[in-house]
Each structure stands twice: as structure tokens, then as C-alpha cells.
K.L.:
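Got a structure here, written out as C-alpha cells. Questions coming.
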2 protein chains.
Amino acid sequence: MNLRIAIFDDNNNIRDSISLLLKTEKDFEVVGSFAHVLDCVEEIKKCKPDVILMDIEMPGMTGIEAVKTIRKEFPHVQVLMQTVFEDDDRVFESICSGASGYILKNSLNTRLIDFIKELQYGGSPMSPSIARKVLTKMQQIPEHVRPEATPDYHLTPREKEVLACVVNGLSYKMVADQLFISYETVRSHVKKIYEKLHVASLTEVVHKAMKERIV
Amino acid sequence: MNLRIAIFDDNNNIRDSISLLLKTEKDFEVVGSFAHVLDCVEEIKKCKPDVILMDIEMPGMTGIEAVKTIRKEFPHVQVLMQTVFEDDDRVFESICSGASGYILKNSLNTRLIDFIKELQYGGSPMSPSIARKVLTKMQQIPEHVRPEATPDYHLTPREKEVLACVVNGLSYKMVADQLFISYETVRSHVKKIYEKLHVASLTEVVHKAMKERIV
DNA sequence: CAGGCTATCCCCTAAAGTGGGGATACTGAT
DNA sequence: ATCAGTATCCCCACTTTAGGGGATAGCCTG
């Protein structure tokens, strides 16, 4: 089974040379090659890629914007960012936008095929210097922001479902419909949740659940 | 110039086989090999490694604790974490403790030398699945931390105060007391907030306010 | 000074949530 | 076979919120 690849890069030469390179790999198929991302949603719908190589610098919409859109519209598609620059903000922003990997263009020729294969097998290829930046960034993230060992309130699976609904703003009645149970059952679960979280109102539940990422 | 390497692993066989493997590389020198990390500070002072291979599971002090200590005492030393498990919390914790790389033990034989070289040249070697975890984690964190373009709902200062109270789980009555205004005034503000945020319940307010960090 | 915005307060009705209960049924482990 | 835990449902009394009004007063700007 072939891996379908699409390329977004405003430099025609680069697109062509990448295409040529990828064609040397039997299992790869370049199904699209585009100079900008303005119509990327339509183009992706048409060519159905599994993997997208995305240049970060492009006219019109930037690669970063595009990744956000793509990840929203096509969550299963893997996006591998490529750039000549490695300035911290962009790297970080790209990753937060949902890129699955981030490589420098100078490592193109030699290792691109390996990187794509790594993607395919569930990895996240990064150029060494990028990987270092990412780790450093993570280490800088202030203590209080990190998922600091989420306390376990011993909610049952069902309670967690109810909690998730409530946190999303649903009323008891709506939760009941959503989970195909009665209003009273929802109430029972919520009462249990109140006990376990030591709170006494829905707003507190939402607050606590979101703050501590129990949801 | 040789790269000085120290190994911490409670499994003697693994330590020995790593030593043997590393000796095949001319530029590497194994300067220490230890079964636990209890005296790691002294040992590191003695053997002065450039790179430390650290098993995460060890009796006494865990590898994670050790990394923290090492990074504090010897900031220039690079620590490469090794583990057989890849459970999310540990990976994340290790990295935040200051590890420069994180690899699974199954990738030992084949790629350990490459990984160490990557470290040497300023990279951060990670097993593919680990890299993916790290990126995924990063994508999750900023969600709660940095509002990408927080929409402005044109809340007045007073409304924001009321909002803050509500988000913290206070009832209308409590908000009234807190802000020295009447219950009805709180209601008026809340009604306004509902309009402006396009919601219809307190839980939605809390959810939206927290998600979009309006508070 | 008129009109817009904010902040304050009030009323009424209806809807939703809260706090006590209690009940049945299924599971899995002791 | 009993017991703990989960999931389901029900009732009653009470409080809090929601949605629809309306009112007064200050402040700033055109």
C-alpha cells in the first residue's frame, strides 16, 4: 500500500527536486504539488494525501495557518513542516498548530525519506537542533502550567462521561439525552461527582475539572 | 578529543553490553559504570563524563530524581534517559527534569551510537514514539496557557470582575457580597455577560471563560 | 444637552439545580 | 454467598438561575 504525499512549497525547484527524490522510493506516491496553500482544503480533498510536506514560508497564508486548518479538517493527515529558518517562535508555533514533525531544509536530500518513514510509523521526525529546542522549551514551561500530577478523584468511567458533558455546558436534561439515561440518573452521578471533587455547584465542577484537566 | 561517557543502570548485563558496544567507537570512552545513582554526585565528580546514560528505573533514587540533581550540580553534562517503558508521565517528567534525550531500550543496540553522536552535536535524540509523545504534549499544553488570538467580547471592567467571581465558583449571592453590590446587580451583569458571550448558563460561561482565558 | 454607555437596583414567572432520602440490578472479588 | 462498587431510577422540599421586563443615576462625547 502506497503512502500518498502532497507537497506545499512556493519554490518550484524545490518542489520538483523533492518529487524526484520521493519517486525513488517505491512505496511513496506524490499525489499533489502546490505553490501555495490558499486552496489547500480543496486540494487535499481531491488528492487525499496521507502525509503533507509543508514549507513554512509561503505567500498568502503561511504554512502555520495552513497546518491549523488542515489538522481541523483532516485530523488523520500528518504534516511535516520544513523550513530554512529555525527561529524559536516559529518552531514552537508550528508544533502547537499540530505539525507532526519539523525538519530543516538542509537535511532534505539526505534524510527526507527516512523522516517520512518515521512519520509513517508513528514517530515525529525532528532535525536534531529542533529536537533540542523543543526539549528546552518544555523544560522552560513554568511549573504551575504543567500537568502537575493530576490528582485522581476516583471517578468512575460513567461519572467521567457525565462530567465531560457538564463541563461542556450541557444541562442535566441534555446530558440525559446525550447518554440515553434519565434525568435522575444524571443527578445521581452529579451528586457523586460533587462528593468526590468536594464541591457544591456545577460552576465549581467546571472550574475544577478544567483547571486540573480531569476531563 | 574523546567523549567521556558514564552509565547508570541497575542491570549488570546491560551496563556491560553497552560498554562493549561503545568501545567499538573510537571516539567514545566509558569512564564510569554504576548500578545505582545514590552516590552519583561524587562519582560524576570523579569520572567527569560529558554524557550520561541514565536508566529511568533504578532502586533507591530513581533516574528522574538523579537527572534533577545532576543538572543542578553539573549543568554542562548531557543526560540521555533510557527506559523500557514509555508511559507518558515519566517521559514528560524526565524531560522537564532536564534530560537532553529520551530513548527506548529496544533501540539500544542498533542506534545508541548514533543517538550519542546526535547529543554530542547539539541534538536531542528521541525514539520516534517518544518524539511523537513530546509533540503531542506540547500541543496540549499551550491550549490552556496561551490564548491564540483571544477574541474580545467587549466586557466592561465590572463585568470582568463579576465574571472572575463566577468562574471561581461563587454563586450570585456570594458575588454580591464580594463586590458590595446587590444580588440584582450581579444578575444584570451576568445577563449582559450571557449576551456578550452568546451563552445561556453559568456552566457555559465558566467553560468559555476558562477555555479562552478571558478571566 | 442629548444620546450612548456603564453601573446600580427592582419585580415576576419559569426553569434548573441542590440535598436529603430510598430502591433495584449487575458486576466481580472475598 | 455475601459484600463493595457501579449504574440505573424515583420522590420531595428547597434554593438558585434564567428570561422577560423596567428604573435611576453618573459620565463622557459629539
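The chains referred to below are lettered A, B, ... by the order of the sequence lines, with proteins before strands, and numbering in each begins at 1.
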K.L.:
Quick check: any donor-acceptor pair below 3.5 Å linking the side-chain of A:K191 to the base of C:dG20?
P.N.:
yes
K.L.:
Check every atom of C:dG17, C:dG19, D:dG19 against the side chain of A:Y172 and return the nucleotide holding the closest atom.
P.N.:
C:dG17
K.L.:
On a plain distance test, is the side chain of A:S182 in donor-acceptor contact with the base of D:dC10 below 3.5 Å?
P.N.:
no
K.L.:
With respect to the side chain of B:A200, which nucleotide from D:dT8, D:dG19, D:dC11 is positioned closest?
P.N.:
D:dG19
K.L.:
Phosphate oxygens OP1/OP2 of D:dT8: is one of them under 4.0 Å from a side-chain N or O of A:R158?
P.N.:
yes
K.L.:
Contact class for B:S201 (heavy atom, under 4.0 Å): base, sugar-phosphate, or nothing?
P.N.:
sugar-phosphate
K.L.:
Quick check: do B:F28 and B:K117 have side-chain heavy atoms less than 4.5 Å from each other?
P.N.:
yes
K.L.:
Check whether any side-chain nitrogen or oxygen of A:Y194 sits under 4.0 Å from OP1 or OP2 of C:dG19, and answer yes or no.
P.N.:
no
K.L.:
If you pin A:E184 and A:P157 to their nearest nucleotides in DNA chain D, which one's is more 5'?
P.N.:
A:P157
K.L.:
Quick check: on DNA chain C, is the nucleotide nearest B:F180 upstream (toward 5') of the one nearest A:V190, or the reverse? Name the residue that is more 5'.
P.N.:
B:F180
K.L.:
Of all the nucleotides listed (C:dC11, D:dT8, C:dG17), which has the minimum atom distance to the side chain of B:R187?
P.N.:
C:dC11
K.L.:
Regarding A:S201 and A:T203, do their side chains bring together a donor and an acceptor under 3.5 Å, going by distance alone?
P.N.:
yes
K.L.:
Phosphate oxygens OP1/OP2 of C:dC9: is one of them under 4.0 Å from a side-chain N or O of B:T185?
P.N.:
yes
K.L.:
Does a nitrogen or oxygen in the side chain of B:T156 sit under 4.0 Å from OP1 or OP2 of C:dA7?
P.N.:
yes
